[in-house]
Protein chains: 2
Amino acid sequence: MDKQRIIEISRLLANPTRLQILEWLKAPEKNFPPQEVVKGFEDGVCVTYIQRKAGLSQSTISTYLSNMSKCGLLILTRHGKWSYFKRNEETFKAYSAFFL
Amino acid sequence: MDKQRIIEISRLLANPTRLQILEWLKAPEKNFPPQEVVKGFEDGVCVTYIQRKAGLSQSTISTYLSNMSKCGLLILTRHGKWSYFKRNEETFKAYSAFFL
DNA sequence: TTGATATATCGGTATTTGTCGATATGTTTG
DNA sequence: CAAACATATCGACAAATACCGATATATCAA
């Protein structure tokens, strides 16, 4: 992982709401209500659930998730009109390794 | 390591110069000229050497180092009028572990 | 004690970020 | 197709950050 990427990721991690979302997504089944359209959390959690729990505006959360996805921290899977986001553990591993 | 600390550290890491300094300090003997007043790099590198190499103003680098030290990323050791900074590997370990 | 040197802190300004409401886009359903 | 819904994008503005030069503080040397 190159330095530019480390910087972008660090910037995204330096925000309480974004960090909290990433923590919630470590255990979606414990932090979000059951999902019905796509059963389970294999593809992650939809924007609406995350937005409600975070309490910021829809546009803010949508942008947060989109940016984290562009940076590789999250993986986006669309099902119809829903967007599901889950953690990309590979990116977290590579990021962590950079500092050791 | 609590979330507030993770955020402060992430913020400090999200800057090219600060990140570069932390990289240089992984191998001081390879990245800085030999030190004479305090032999070797056991206590780290002095502000002047880091400032010259980074190319930003003295005040900026001094503030960067001070902030990274306050956050536990660096360890400050004073010898007379010199301040030496070295990495605090324990903090990097704890920070890294948070994301896994 | 005085001057020189190393570092720290202060005050200012340009740039970036956080966050919103409004609006656009895309998908499903009747 | 039209309405409803989920998400994305845009434009704005307040707050935070990146830097600088000037100055203060602390130590060493003469």
Side-chain angles (χ1 to χ4, degrees), chain A residues 3-4 6-22 25 32-33 35-38 41 43-71 73-86, chain B residues 3-4 6-22 25 32-33 35-38 41 43-71 73-86:
Chain A
K3 236 170 31 169
Q4 188 48 45
I6 295 287
I7 288 170
E8 286 166 14
I9 292 177
S10 299
R11 205 168 45 75
L12 292 175
L13 296 174
N15 172 284
T17 304
R18 285 192 296 256
L19 194 63
Q20 180 69 74
I21 291 170
L22 292 170
L25 290 178
F32 296 96
Q35 295 189 129
E36 299 182 359
V37 179
V38 174
F41 293 99
D43 288 333
V45 180
C46 68
V47 177
T48 304
Y49 279 10
I50 297 173
Q51 187 261 315
R52 278 194 201 134
K53 185 146 178 151
L56 297 186
S57 76
Q58 185 271 326
S59 66
T60 296
I61 297 301
S62 176
T63 303
Y64 282 4
L65 294 172
S66 167
N67 290 341
M68 289 197 281
S69 164
K70 279 173 192 153
C71 228
L73 284 172
L74 295 178
I75 296 170
L76 162 61
T77 307
R78 282 184 217 274
H79 290 283
K81 62 183 168 183
W82 289 274
S83 297
Y84 295 83
F85 290 92
K86 68 177 171 188
Chain B
K3 240 175 21 176
Q4 188 48 43
I6 294 287
I7 287 170
E8 286 166 14
I9 292 177
S10 299
R11 204 167 46 75
L12 292 175
L13 296 174
N15 172 283
T17 305
R18 284 191 297 255
L19 194 62
Q20 180 69 76
I21 291 170
L22 292 169
L25 291 178
F32 297 97
Q35 295 191 127
E36 298 179 0
V37 178
V38 174
F41 293 100
D43 288 334
V45 180
C46 69
V47 177
T48 303
Y49 280 11
I50 297 172
Q51 187 261 315
R52 280 195 198 130
K53 185 148 178 149
L56 296 186
S57 75
Q58 185 270 326
S59 67
T60 297
I61 297 300
S62 176
T63 302
Y64 282 4
L65 294 172
S66 167
N67 289 342
M68 289 197 280
S69 163
K70 278 173 194 154
C71 229
L73 283 172
L74 295 178
I75 296 171
L76 162 62
T77 308
R78 283 185 217 273
H79 290 283
K81 61 183 169 182
W82 289 275
S83 296
Y84 296 83
F85 289 91
K86 66 178 173 185

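Quick note on labels: first sequence line is chain A, next is B, and so on, each numbered from 1. Heavy-atom basis, side chains included; hydrogens, waters and symmetry copies ignored.
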Which is it for A:L73 and A:L12 under the side chain to side chain contact (heavy atoms under 4.5 Å, CB included) test, yes or no, and what are the steps along the way?
CA-CA 9 Å; A:L73 284 172; A:L12 292 175; 4.3 Å; yes
Please report the C-alpha distance between B:K3 and A:L19 in whole Å, then the side-chain angles of each, then the deciding distance to 0.1 Å, and finally whether the side chain to side chain contact (heavy atoms under 4.5 Å, CB included) criterion is met.
CA-CA 8 Å; B:K3 240 175 21 176; A:L19 194 63; 3.4 Å; yes
What do the steps show when you test B:Y49 against B:Q35 for side chain to side chain contact (heavy atoms under 4.5 Å, CB included), and what is the final call?
CA-CA 9 Å; B:Y49 280 11; B:Q35 295 191 127; 3.6 Å; yes
Considering only distance and modelled atom types, tabulate donor-acceptor pairs under 3.5 Å from the side chains of residues 54-65 of chain B, sequence neighbours left out.
| from | atom 1 | to | atom 2 | distance (Å) |
| --- | --- | --- | --- | --- |
| B:S57 | OG | B:S59 | OG | 3.3 |
| B:S57 | OG | B:T60 | N | 3.2 |
| B:S57 | OG | B:T60 | OG1 | 2.9 |
| B:T63 | OG1 | B:S59 | O | 2.9 |

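In terms of heavy-atom proximity, A:Y84 sits nearest to A:C46 at CD2-N, 3.8 Å.
Counting any heavy atom pair closer than 4.0 Å across all strands shown, B:S83 reaches sugar-phosphate atoms only and no base atom.
Distance CG/B:L13 to SG/B:C71: 8.5 Å, rounded to 0.5 Å. Atom CG of A:L76 is separated from atom CG of A:D43 by 9.5 Å, given to the nearest 0.5 angstrom.
Of the residues in residues 6-20 of chain B, B:R11, B:N15, B:R18 come within less than 4.0 Å of DNA chain D through at least one heavy atom, sorted by number. Within a heavy-atom distance below 4.0 Å of DNA chain C, the residues of residues 43-59 of chain A found are A:L56, A:S57, A:S59.
In this entry the distance linking NZ of B:K70 with P of C:dT7 reads 16 Å, nearest Å. Rounded to an integer number of Å, the gap from CG of B:N67 to C1' of C:dA8 is 11 Å. For the pair B:L65 CG and C:dA8 P, the interatomic distance rounds to 8 Å; values are reported in whole Å. Rounded to whole Å, the distance from CE on A:M68 to P on D:dA8 is 12 Å. Protein atom CH2 of B:W82 is 11 Å distant from nucleotide atom P of C:dT5, rounded to whole Å. Going from atom NZ of A:K81 over to atom C1' of C:dT25 covers 13 Å, rounded to whole Å. Between B:I61 atom CD1 and D:dT17 atom P there is a gap of 18 Å when expressed in whole angstrom units.
For the pair B:K53 and B:F32, the distance from NZ or CZ to the six-membered ring centre is under 6.0 Å and the angle to the ring normal is within 45 degrees.
Distances shown here put a side-chain N or O of A:R78 below 4.0 Å from the OP1 or OP2 atom of D:dA8. The phosphate of D:dC19 has OP1 or OP2 within less than 4.0 Å of a side-chain N or O from B:Y64. A sub-4.0 Å separation between OP1 or OP2 of D:dA8 and a side-chain N or O of A:S62 is present.
Between B:I75 and B:S69 there is no side-chain heavy-atom pair separated by less than 4.5 Å.
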